[in-house]
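Here the structure comes first, spelled out in C-alpha cells, and everything after it is commentary.
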Amino acid sequence: MTAIDLRIETPDEMAALGALVASQLRAGDAVALNGELGAGKTTFTRGLGAALGVRGAVTSPTFVLARTHPRPDGGAPLVHVDAYRLSSPLELDDLDIDFERSIVVVEWAAGMLDAVVDAWLDVHIERPVGGVATEDGIEPRLVRVTGSGVRWSDLGWLRAARD
Ligand SMILES: Nc1ncnc2c1ncn2[C@@H]1O[C@H](COP(=O)(O)OP(=O)(O)O)[C@@H](O)[C@H]1O
Ligand SMILES: [Mg+2]
C-alpha cells in the first residue's frame, strides 16, 4: 500500500488538492475522507466538486446523509456522503447509492467502505498539535493519501504534483 504525505497550508490549497484528485476520478471510484470536525473534509470536497463541474453547492451534508450532485456535462454524478451518523456499513448500504455509476466521496469514512466497495482512495487530514492559526483561522494540515486496491496502487500522479 502506498502512502503520500502532504502539507496543506491553506483552505485554497485543500480545495486544490480536491481538484487534483478529481482529475483522476471516474464512475465507480470512491474517496474516503477522515479527520476530526473542522479538519477540512468538506473544503476538499468543495474543490473536488468544483473541478468536476457539479451542479449545486457542495456543503457539509451534516443534516442529510448523502447528496447527489449531477454534472451538466453528463459525467458521473458526485455523491457526497456524511457517514458521521451512520453506525455501520449496513446503513451505508441501505442508502442504495449507485457506486458503479457515481463518484462517491464519504466524510467520516473509517470502517464504512470495506464492505461496500473493492477499492478507494483514502485521505486522512490532521491538524498538527500546537499548530498556530492566522487571524482568519488558516492553519496547516497534514494530509496522508493512501491508495487501496489495484485501482489506486499507483499514486504517481499525486507524487508528481507534490514534487
Ligand atoms: N490548511 C487548511 N486546510 C483546510 N481547511 C482549513 C485550513 N486552515 C483553515 N481551514 C479552515 O478549517 C475549516 C475546515 O472546515 P470543513 O472543511 O468544513 O471541515 P470538515 O468537513 O472536516 O469538518 C474551514 O473553515 C477552513 O477554512
Ligand atoms: Mg464536513
Side-chain angles (χ1 to χ4, degrees), residues 3-25 29-71 76-89 91-95 97 99 102-114 116-117 120-148 152 155 157-163:
I4 295 197
D5 292 318
L6 306 162
R7 186 182 160 94
I8 299 295
E9 301 289 342
T10 65
D12 283 353
E13 266 188 52
M14 188 64 81
L17 178 61
L20 175 64
V21 168
S23 72
Q24 301 296 312
L25 296 174
D29 285 339
V31 178
L33 300 177
N34 289 294
E36 65 186 68
L37 191 68
K41 302 181 294 297
T42 301
T43 302
F44 174 98
T45 310
R46 194 171 294 133
L48 186 152
L52 291 177
V54 302
R55 222 181 298 141
V58 174
T59 58
S60 209
T62 302
F63 299 103
V64 289
L65 294 173
R67 186 174 285 143
T68 300
H69 297 272
R71 285 163 71 194
L78 170 66
V79 179
H80 182 196
V81 181
D82 190 315
Y84 186 73
R85 285 189 174 70
L86 300 182
S87 51
S88 86
E91 292 181 23
L92 178 59
D93 206 38
D94 260 358
L95 296 178
I97 293 167
F99 280 90
S102 314
I103 290 169
V104 182
V105 174
V106 184
E107 298 195 32
W108 303 101
M112 285 291 166
L113 286 174
D114 314 52
V116 193
V117 291
W120 64 90
L121 188 71
D122 198 275
V123 178
H124 185 95
I125 309 172
E126 232 168 79
R127 288 164 108 145
V129 180
V132 181
T134 63
E135 233 170 76
D136 37 8
I138 295 176
E139 195 183 26
R141 301 289 194 261
L142 301 177
V143 179
R144 169 162 288 192
V145 180
T146 313
S148 93
W152 297 108
L155 296 182
W157 52 274
L158 181 55
R159 196 172 290 113
R162 179 196 59 180
D163 297 338

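Note that ligands are numbered from 1 as they come in the structure, with each ligand's atoms numbered from 1 the same way.
- Enclosure of atom CZ in Arg127 by more than 12 non-hydrogen atoms of other residues, nucleotides or ligands within 6.0 angstrom is indicated.
- Protein heavy atoms are absent from the 4.0 Å sphere centred on atom 25 (O) of ligand 1.
- The shortest separation from a heavy atom of Gly35 to ligand 1 is not under 4.0 Å, leaving the residue out of contact.
- Paired with Phe44 under the rule side-chain contact (heavy atoms from CB on, under 4.5 Å), one option of Val31, Ile8, Val143 passes, and it is Val31.
- Checked against Asp122 for a side-chain contact (heavy atoms from CB on, under 4.5 Å), the options Val145, Asn34, Leu113 give a single hit: Asn34.
- Every N/O-N/O distance between Met14 and ligand 1 stays at or above 3.5 Å.
- In this structure the side chain of Ile125 reaches within 4.5 angstrom of the side chain of Met14, judged on heavy atoms.
- Considering backbone and side-chain atoms together, Ile8 places an N or O closer than 3.5 Å to an N or O of ligand 1.
- Set against the non-hydrogen atoms of Ile138, the atoms of ligand 1 under 4.0 Å away are 8 (N), 9 (C).
- Residues Leu48 and Leu25 meet the side-chain proximity criterion, which asks for heavy atoms closer than 4.5 Å.
- A donor-acceptor contact shorter than 3.5 Å is absent between the side chain of Arg67 and the backbone of Val58.
- With the Mg ion (ligand 2) as vertex, Glu107 OE1 and Thr42 OG1 subtend 90°, rounded to 10°.
- The Glu36 neighbourhood of ligand 1 comprises atoms 22 (O), with distances under 4.0 Å to a heavy atom of that residue.
- Near Glu9, the atoms of ligand 1 lying under 4.0 angstrom from a non-hydrogen atom of the residue are 1 (N).
- By the 4.0 Å heavy-atom criterion, Ser60 is excluded from the residues contacting ligand 1.
- Counting atoms of ligand 1 from 1 in the listed order, those under 4.0 Å from a heavy atom of Glu107 are 21 (O).
- In this structure, the side chains of Leu20 and Trp157 come closer than 4.5 Å at one or more pairs of heavy atoms.
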